[in-house]
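Below is one structure, written out as structure tokens, with a few remarks after it.
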Amino acid sequence: MTIVIGFEGSANKIGVGIIRDGEVLSNPRRTYITPPGQGFLPSDTARHHRAVILTVLKEALDEAGVKPEDIDCVAYTKGPGMGAPLVITALVARTVAQLWGRPLLGVNHCIGHIEMGRLITKAHNPTVLYVSGGNTQVIAYSERRYRIFGETIDIAVGNCLDRFARVIKISNDPSPGYNIEQMAKKGTKYVELPYTVKGMDVSFSDAASKMLSSGECAAEDLCFSLQETLFAMLVEITERAMAHCGSQEVLIVGGVGCNLRLQEMMGVMCKERGAKLFAIDERFCIDNGAMIAQAGWEMFRSGQVTELQDSWITQRYRTDEVEVTWRD
């Protein structure tokens, strides 16, 4: 048996998860929540993570019923993400790895999401839509890489939703995207917004700008219109990637992936193509430590480790930079 502990802290969530051979033993996390109308600054977020990370670590060990000597490897998020929170997370991971005498593994955050999705859903070789506050990518596996077929050319879909939420002062608790989703259910009027698909890539900044100038509409109608437009763009580029790859599976990962309207729209497309949709709930869609542990488990079992002198973090770390040594 191989037991891996994973530390995730690339944005406003701090999580520690423990995986044993595909079984999630524990996965506690905390979220840094700011007042309505405010985002989260890197320095404030890092202070939050530093204040709670040891408590979350203790919770993870207690809930899993394991001791430090049972751990085989310590995985942490190397990037991409916000610099200061990543530094705090890596610092704690490095420290416990040395205290416990265990190897370290720096994990790509995006690949953590993909591997967690594959574990939970048992999807075989899906086309992946990765949608979160900081990333929007359509990905497919080929020849030991997760290849990016399409992506945003400006801001991520989650960032577009967050910006809109800040302007109309929607609560950040539990998350702006969740609260937009609930308000959108009450929307009845569709406001036309820029629909910007360029080949396999998408752009969300035009839609964000237009939303902010649409002052004549009810907030619920704006939430409804924004979701319908953004998600239609995402479904289009995902379908095009499926056609290119001859894929019959779609896996949605990332924080925006637990939006039920996005899942519904993607499900309609999949049904029309005779394909299958795989999605996961907020326990594993939203940033969490178990996803880093799972990717770390795969990497560790294939012989990878990160030497202490190489255990730095990076805010820019492309999904397709990582050699996927654990898949055929």
Side-chain angles (χ1 to χ4, degrees), residues 108-132 134-161 190 192-207 225-281 284-285 295 318-324 326-328:
N108 179 291
H109 178 85
C110 316
I111 286 178
H113 276 294
I114 295 170
E115 293 306 334
M116 198 68 204
R118 289 180 63 230
L119 171 70
I120 298 298
T121 64
K122 305 293 187 252
H124 174 60
N125 187 25
T127 299
V128 179
L129 175 66
Y130 170 35
V131 277
S132 68
N135 298 275
T136 300
Q137 298 175 344
V138 178
I139 300 159
Y141 174 76
S142 176
E143 298 178 350
R144 293 167 82 92
R145 300 273 168 175
Y146 282 116
R147 313 282 174 177
I148 300 171
F149 277 73
E151 60 191 317
T152 177
I153 57 174
D154 42 47
I155 60 174
V157 62
N159 186 237
C160 182
L161 294 167
Y190 178 75
E192 194 160 328
L193 296 168
Y195 184 101
T196 315
V197 174
K198 301 185 177 184
M200 283 298 297
D201 294 331
V202 287
S203 168
F204 299 120
S205 58
D206 290 346
S225 305
L226 186 60
Q227 278 198 166
E228 295 299 301
T229 306
L230 302 185
F231 296 167
M233 291 157 64
L234 295 171
V235 171
E236 179 184 334
I237 62 169
T238 304
E239 182 173 20
R240 197 173 294 132
M242 290 174 72
H244 181 86
C245 299
S247 169
Q248 288 297 99
E249 295 179 331
V250 174
L251 170 64
I252 308 178
V253 299
V256 180
C258 52
N259 185 297
L260 296 180
R261 179 57 184 149
L262 173 59
Q263 292 181 19
E264 182 185 15
M265 291 171 71
M266 195 67 75
V268 170
M269 180 273 286
C270 287
K271 188 176 178 185
E272 288 173 353
R273 295 184 63 85
K276 191 166 184 185
L277 172 65
F278 296 92
I280 46 184
D281 63 30
F284 305 117
C285 242
R318 299 269 300 172
T319 314
D320 51 9
E321 285 179 40
V322 179
E323 185 180 3
V324 182
W326 57 94
R327 289 188 65 177
D328 294 332

Exercise. Any side-chain donor-acceptor pair under 3.5 Å between Asn125 and Arg327?
Worked result: yes
Problem set entry | Carboxylate-amine/guanidinium contact Arg318 Glu151, below 4.0 Å | yes
Exercise. Is any side-chain heavy atom of Ile114 closer than 4.5 Å to a side-chain heavy atom of Ile139?
Worked result: yes
Problem set entry | Backbone of Pro194 reached by a side-chain donor or acceptor of Asp206 within 3.5 Å | no
Exercise. Would a 4.5 Å heavy-atom cut-off, applied to side chains only, mark Thr319 and Gln137 as touching?
Worked result: yes
Problem set entry | Minimum side-chain heavy-atom gap Leu262-Val131 below 4.5 Å | yes
Exercise. Hey, is the main chain of Val157 close enough, under 3.5 Å, to the side chain of Thr136 for a donor-acceptor pair?
Worked result: yes
Problem set entry | Six-ring centre of Tyr141, Arg147 cation under 6.0 angstrom, axis tolerance 45° | no
Exercise. Looking at Arg145 and Glu321, does any basic side-chain N land under 4.0 Å from a carboxylate oxygen?
Worked result: no
Exercise. Is there a donor-acceptor contact under 3.5 Å linking the side chains of Thr196 and Ser203?
Worked result: no
Exercise. Is it true that Glu323 and Arg144 make a salt bridge, defined as a side-chain N closer than 4.0 Å to a carboxylate O?
Worked result: yes
For this session: Take Thr152 and Ser205 through the test side-chain contact (heavy atoms from CB on, under 4.5 Å) and record every step on the way to the result.
Result: CA-CA 10 Å; Thr152 177; Ser205 58; over 6 Å; no
Exercise. What distance do Met116 atom CE and Leu251 atom CG have between them, rounded to the nearest 0.5 Å?
Worked result: 11.5 Å
